[in-house]
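Take a look at the structure set out below.
Keep in mind it's a predicted model, so treat the numbers as computed, not measured. Count residues from 1 along the sequence.
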Amino acid sequence: MENIILTNAKLIDGNIVNLIINDGKIEKITKTLKTSDKTTDKTINIKENIIIPGLIDTHVHFRDPGLTYKETWKTGSQAAAHGGYTTVIDMPNTNPQTNTKKAFIDKKQNAQKNSTVDFALHAGVKTQKDVNEILPEKPASYKIFMDLYDNNTLDEMFKYVSTTNKPLTLHCEDKTIVDHNIKTLKKDPANSENMITYSYARSAMAEAIAVNRAIELAQKYNNKIHICHLSCRETLELVHAAEDKIDITIEATPHHLFLDNNTYITYGSRAKTNPPLRDKAHNITINDLNEFDQIGTDHAPHTMEEKTQDTWNTMSGIPNLETTLKLLLTAVNMGNITLKDVVEKTSQNPAKIFNIPNKGSIQVGYDGDITVIDMKAEGTINPETFYTKGKYTPFENMTYKGNNIMTINRGNIISENDEVYENQAKYVY
């Protein structure tokens, strides 16, 4: 691990500082370097570009183990580093699912060998015994995909997790409504070739009912809940109404913030995701960002063959790690959000929500996780430059202004000018 000094680095408040990182930690932030400060392995002139805390993505699907033809810990974490992320938290729906102690430990050991960025794991919920056995391994949270279970099973799962004092991370879509809608819409063969239909198969009502159910169960069992990829205005209002009753936080994704279901007309099945892109009667936009606690990419790559089937058989998921910061910085340059918003939603708040120690902020004693950004960098989003195995994005050919030019994890440069370097990652808890 190198000891480094970052000189002429601009903070988001405009101050120009020098940052000394020793043994992976921020040791000193100073406007003037002393002679004694300069005994270090490497000095990097940031040239008055802006530094922000290394981005934290608490919602990735790295597909490893079991689905490594789509993504691996190596390729997924390289994509994270390339996109400005220094920490990720992986979801449990791999093969096997990460819902037993053995599966959890096996995935952790695999990631420690192969990940370029620091990481944690969400655990699945199987039985009370499994939940309790995983707890000493320090999961970031327990994850439930509500669209896979009936109400009685969900009640039991919330109860299991209530004993752990861990957050419950939720995919909120109602199984009964989704199953009914899909069965009904499949009766018309034309819907197999009309991707907009998918927005109504997994409807806004399905999300709202599931969110309402989650709120009721969280009140019943005193769970802290975190709702992933909230996509509808109506459910956003449900959450706000519950904030004084339960401990609840919510995540937005870039595709729901920047796109609506008209994207299916131009980009087709490759834009399919769960929950789906919404019509303009229900969708959220970047203008709603201040009502969310954080941004998660929901990075979920598939093969091109899996993404080019009909409405019902195309797999759901979009690779977002290498596009999200570009999109957000472009929104900053357009005046739609502030750089402070970006830092709060991609670094500070994710660290707080999931109790990640010593990350999410640039301050003495914290990990030397830094993303260097050039607010003037311009280009066009090109999937062929991605490190992820998923070489597609509904943001393809979109122009951007603002990009990360260097990613530093605990004092190690892990990406610079589109090159990614090897790094020894650690489990963050």
Side-chain angles (χ1 to χ4, degrees), residues 55-61 88-89 91 122 140-147 154 158 161 166-174 202-219 221-260 273-278 282-300 318 320 324 327-328 331 336-337 340-356 360:
L55 274 61
I56 300 170
D57 189 356
T58 66
H59 190 161
V60 302
H61 298 269
V88 298
I89 308 182
M91 288 295 173
H122 298 290
S141 82
Y142 291 87
K143 172 71 179 283
I144 298 176
F145 295 84
M146 294 181 68
D147 57 326
L154 290 172
F158 273 69
V161 177
K166 284 284 184 178
L168 186 52
T169 301
L170 301 170
H171 178 124
C172 290
E173 293 183 283
D174 182 78
R202 306 182 79 99
S203 63
M205 181 180 291
E207 180 175 285
I209 288 176
V211 167
N212 192 61
R213 179 63 174 159
I215 291 168
E216 290 175 349
L217 290 172
Q219 286 183 274
Y221 292 114
N222 197 31
N223 299 94
K224 174 183 178 181
I225 61 173
H226 177 74
I227 297 176
C228 296
H229 42 50
L230 190 148
S231 65
C232 300
R233 202 51 247 182
E234 296 91 335
T235 44
L236 191 54
E237 292 166 3
L238 277 175
V239 169
H240 292 328
E243 286 172 334
D244 60 345
K245 302 172 186 175
I246 59 171
D247 191 345
I248 183 171
T249 52
I250 50 175
E251 164 198 289
T253 63
H255 44 282
H256 291 119
L257 288 171
F258 290 103
L259 304 174
D260 59 47
T273 186
N274 294 339
L277 302 179
R278 301 296 181 191
H282 301 286
N283 73 313
I284 60 167
T285 72
I286 191 64
N287 296 322
D288 299 308
L289 182 60
N290 65 332
E291 299 188 55
F292 286 82
D293 297 290
Q294 70 164 77
I295 295 169
T297 70
D298 194 8
H299 176 84
I318 298 170
N320 274 325
T324 298
L327 297 169
L328 293 173
N336 294 327
I337 58 174
K340 183 173 181 288
D341 293 327
V342 175
V343 171
E344 285 181 351
K345 309 304 183 187
T346 64
S347 299
Q348 292 176 352
N349 289 353
K352 291 176 183 176
I353 291 167
F354 291 98
N355 297 307
I356 304 173

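- Taken from CG in N223 to CG in L217, the straight-line distance is 8.0 Å, to the nearest 0.5 Å.
- A side-chain donor from one of H226 and T249 sits under 3.5 Å from a side-chain acceptor of the other.
- Rounding to the nearest 0.5 angstrom, the gap separating the CG atom in L289 from the CG atom in L257 is 6.0 Å.
- Side-chain atoms of H240 and E243 form a donor-acceptor pair, as typed in the model, at a separation below 3.5 Å.
- H299 places a side-chain N or O within donor-acceptor distance of the main-chain N or O of N320, the cut-off being under 3.5 Å.
- Side chains of P276 and E173 form a contact here, defined as non-hydrogen atoms less than 4.5 Å apart.
- Distance CG/L168 to NE2/H122: 11.0 Å, rounded to 0.5 Å.
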- Go through the steps for V239 and F292 under the test side-chain contact (heavy atoms from CB on, under 4.5 Å), then give the verdict. CA-CA 10 Å; V239 169; F292 286 82; over 6 Å; no
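- Counting all heavy atoms, side chain and backbone alike, D174 lies closest to A210 at N-CB, 3.6 Å.
- Closest approach of I295 to E251, counting heavy atoms only: C-CG, 4.3 Å.
- The two residues A140 and F354 come nearest to each other via the heavy atoms O-CD2, 3.7 Å.
- Using a 4.5 Å cut-off on side-chain heavy atoms (C-beta onward), F158 and E216 make no contact.
- For D293 (side chain) and I250 (main-chain N/O), a donor-acceptor pair under 3.5 Å exists by modelled atom type.
- Closest approach of M91 to T58, counting heavy atoms only: CE-O, 3.8 Å.
- Taking the side chain as every heavy atom from C-beta outward, I227 and T235 never approach each other to under 4.5 Å.
- Atom CD1 in I144 sits 6.5 Å away from atom CG in L154 (nearest 0.5 Å).
- Comment: E207 engages R278 in a salt bridge, judged by a side-chain N to carboxylate O separation of less than 4.0 angstrom.
- For the residue pair N283 and T285, the shortest heavy atom distance occurs at ND2-CG2, 3.7 Å.
- We find that D288 and R233 are joined by a salt bridge, their nearest charged nitrogen and carboxylate oxygen being less than 4.0 Å apart.
- Between the side chain of K245 and the backbone N or O of Q219 there is no donor-acceptor pair closer than 3.5 Å.
- L236 CG to L230 CG: the interatomic distance, rounded to the nearest 0.5 Å, is 6.0 Å.
- For the 3.5 Å distance criterion, the side chains of D298 and H61 qualify, holding a donor opposite an acceptor.
- Partners of E344 according to the side chain to side chain donor-acceptor pair (under 3.5 Å) rule, which considers only residues two or more places apart in sequence or in another chain, are K340.
- Ring planes of H171 and H229: perpendicular class, angle over 60° (limits at 30 and 60°).
- The closest side-chain heavy-atom distance from K224 to S141 is not below 4.5 Å.
- Side chains of T346 and T324 form no contact here, defined as non-hydrogen atoms less than 4.5 Å apart.
- A heavy-atom distance below 4.5 Å is not found between the side chains of E291 and I284.
- Proximity of H59 to T297: side-chain heavy atoms (C-beta onward) are nowhere separated by under 4.5 Å.
- Closest approach of A351 and I56 over heavy atoms only: CB-CD1, 3.9 Å.
- If you take OH on Y142 and CG on L170, they are separated by 14.5 Å, rounding to the nearest 0.5 Å.
- Looking only at side-chain heavy atoms (C-beta outward), M146 and C172 come within less than 4.5 Å of each other.
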